[in-house]
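Presented below is the structure to which this report refers.
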Amino acid sequence: MPELIEIETYRRQAEPVVGRTIAAVPTLDPLGLRGVHPEEIRAELIGLTVTAARRIGKLLLLDTDGPTIGLRFGMTGRLIVDDSAEIDRLEYGANRDDRAWDRTVVEFDRGSLRVNDPRRLGGVELDPDLARLGADAASITDSALASALGDSAATLKSRLLDQRRVAGLGNLLVDETLWRAGFDPRRAAGGLTAAEVTRLAATIVDTVADLTQRGGSHTGDLQPARERGASCPRDGAPLDRRTVGGRTTYLCPAHQR
DNA sequence: ATTGTGGCCTGCCCGC
DNA sequence: TGCGGGCAGGCCACAA
């Protein structure tokens, strides 16, 4: 999916719909509704006026004068507001805008919003439980990261990917951050010293800011080396490709400890 | 409770 | 050119 950086772009894109009223919801993919019947959500949505566009982690929130609308984008979801998309290409996503992949379409009194998601892993939820999300990675503090890592025996990477602990990081951002900070993703999350937690928190914040400026989660320094047989862009050592936290992981055995 | 695994979906890319 | 296999930025249910 788009990670925190892309969802923040979507949030800015969605700002113009604040103040608009939902007139119709012609498309709602049942697959993304967690068992709730499309008609049920449609009935609740029609007539609502959007009051704010927020983001927590990878969750886009549209507040209204009724329930809050939560939009998730899965791995391939893109947001199109008033028929224009700011991100027209996603790493690993399809490069076309096929209307057959529209999973959510909302028509307002003026203009529209749609989620185009070939792989159908995103979804819509009303009044999502925000308590299930950890501190937002873009501004995470030392102490928030320390409590997110806790004394966990799980790997550092899996803990950083766990949205209940730290919200917003996906596979690419975690690999980039750990590579920059020089941590082995397989280390126990609870095994970091206080100084290491401080260094990691700073690297997370800096990396998110840096890649935001560059234009996306896929613009990291490690990214060009995310392929078999590649070498570390920092020290030239052969990169290691393995599964950590259930995800494909690239790491440098020479400088990530 | 915590941690790891498998599966959901579909498009794309590579090699034969 | 066509086909099959492997891959994918997320998340959830489930099992140990």
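Naming: A, B, ... by sequence-line order, numbering from 1 per chain. Being a predicted model, the structure only gives us computed values, none of them experimental.
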task = With A:Leu145 as reference, evaluate A:Thr198, A:Leu192, A:Val197 under the side chain to side chain contact (heavy atoms under 4.5 Å, CB included) test and give the passing residue.
result =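 Between A:Leu145 and the candidates, side chain to side chain contact (heavy atoms under 4.5 Å, CB included) is satisfied uniquely by A:Val197.
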query = Would a hydrophobic clustering, with Ile, Leu, Val, Met, Phe, Trp and Tyr connected at side-chain separations under 4.5 Å, put A:Val205 with A:Leu156?
reply = yes
message = Using the rule that Ile, Leu, Val, Met, Phe, Trp and Tyr join whenever any side-chain heavy atoms are under 4.5 Å apart, tell me whether A:Ile22 and A:Val124 fall into a single cluster.
response =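 Shared cluster, yes.
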task = Inspect the surroundings of CZ in A:Arg214 and state if more than 12 heavy atoms from other residues, nucleotides or ligands are less than 6.0 Å away.
result = yes
inquiry  = Are more than 12 heavy atoms, taken from residues, nucleotides or ligands other than A:Glu227, located less than 6.0 Å from that residue's CD atom?
reply    =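 Enclosed: over 12 neighbouring heavy atoms sit under 6.0 Å from CD of A:Glu227.
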ask   = With under 30° as parallel and over 60° as perpendicular, where do the rings of A:Phe73 and A:Tyr10 fit, or are they tilted in between?
value = tilted
From [X] [atom1] over to [Y] [atom2], what is the distance, rounded to the nearest 0.5 angstrom?
| X | Y | atom1 | atom2 | answer |
| --- | --- | --- | --- | --- |
| A:Leu71 | A:Leu60 | CG | CG | 5.0 Å |
| A:Arg180 | A:Leu200 | CZ | CG | 13.0 Å |
| A:Asp136 | A:Lys58 | CG | NZ | 11.0 Å |

N/O to N/O distances under 3.5 Å, protein versus nucleotides 5-7 of chain C:
{"residue": "C:dC7", "atom": "OP1", "partner": "A:Arg228", "partner atom": "NH2", "Å": "3.0"}

Expressed in angstrom and rounded to an integer, what is the separation of [X] atom [atom1] from [N] atom [atom2]?
| X | N | atom1 | atom2 | value |
| --- | --- | --- | --- | --- |
| A:Asp117 | C:dA8 | CG | P | 18 Å |
| A:Arg186 | B:dT3 | CZ | C1' | 18 Å |
| A:Leu161 | C:dG10 | CG | C1' | 9 Å |
| A:Leu33 | C:dC11 | CG | P | 17 Å |
| A:Asp29 | B:dT10 | CG | C1' | 12 Å |
| A:Lys157 | C:dC11 | NZ | P | 14 Å |
| A:Leu71 | C:dG10 | CG | C1' | 15 Å |
| A:Arg187 | B:dT3 | CZ | P | 16 Å |

Indicate whether the side chain of [X] and that of [Y] have a donor and an acceptor atom separated by less than 3.5 Å.
| X | Y | value |
| --- | --- | --- |
| A:Arg241 | A:Tyr250 | yes |
| A:Glu8 | A:Thr212 | no |
| A:Thr49 | A:Thr21 | yes |

query = When you compare B:dG11 with C:dC12, how far apart are their P atoms, in angstrom units rounded to a whole number?
reply =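 After rounding to an integer number of Å, I get 23 Å for this pair.
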message = Tell me every residue that passes salt bridge (charged side-chain N to carboxylate O under 4.0 Å, His left out) with A:Arg54, counting only those two or more places apart in sequence or in another chain.
response = A:Asp63
Using nucleotides 7-9 of chain B, report all nitrogen or oxygen pairs with the protein that are shorter than 3.5 Å.
{"residue": "B:dC9", "atom": "O2", "partner": "A:Arg119", "partner atom": "NE", "Å": "2.6"}
{"residue": "B:dC9", "atom": "N3", "partner": "A:Arg119", "partner atom": "NE", "Å": "3.3"}
{"residue": "B:dC9", "atom": "N3", "partner": "A:Arg119", "partner atom": "NH2", "Å": "3.4"}

request  = Check each residue of residues 164-171 of chain A for a non-hydrogen atom within less than 4.0 Å of any atom in DNA chain C, then write out the ones that pass by number, or none.
outcome  = A:Gly170, A:Asn171
note = Shortest non-hydrogen pair, A:Ile204 vs A:Ala137, comes out as CG2-O, 3.5 Å
message = Give me the atom names and distance for the closest heavy-atom approach of A:Ala167 to A:Leu4.
response = O-CD1, 4.1 Å
request  = Taking only Lys NZ, Arg NE, NH1 and NH2, and the carboxylate oxygens of Asp or Glu, determine whether A:Glu6 and A:Arg55 approach each other closer than 4.0 Å.
outcome  = no
message = It should be established whether A:Trp101 places a side-chain nitrogen or oxygen under 4.0 Å from OP1 or OP2 of nucleotide B:dT10.
response =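 Answer no for this pair, as no side-chain N or O of A:Trp101 is under 4.0 Å from OP1 or OP2.
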inquiry  = Please tell me if A:Ser152 has a side-chain N or O lying less than 4.0 Å from either OP1 or OP2 of B:dT3.
reply    =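 It does, given that an N or O in the side chain of A:Ser152 lies less than 4.0 Å from OP1 or OP2 of B:dT3.
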note = For DNA chain C, the expected dot-bracket line (Watson-Crick or G-U under 3.5 Å, [ ] crossing, | inter-strand) is .|||||||.|||||||
Identify all pairs in which a protein N or O lies below 3.5 Å from an N or O of nucleotides 12-16 of chain C, and state each distance.
{"residue": "C:dC12", "atom": "OP1", "partner": "A:Arg34", "partner atom": "NH2", "Å": "2.5"}

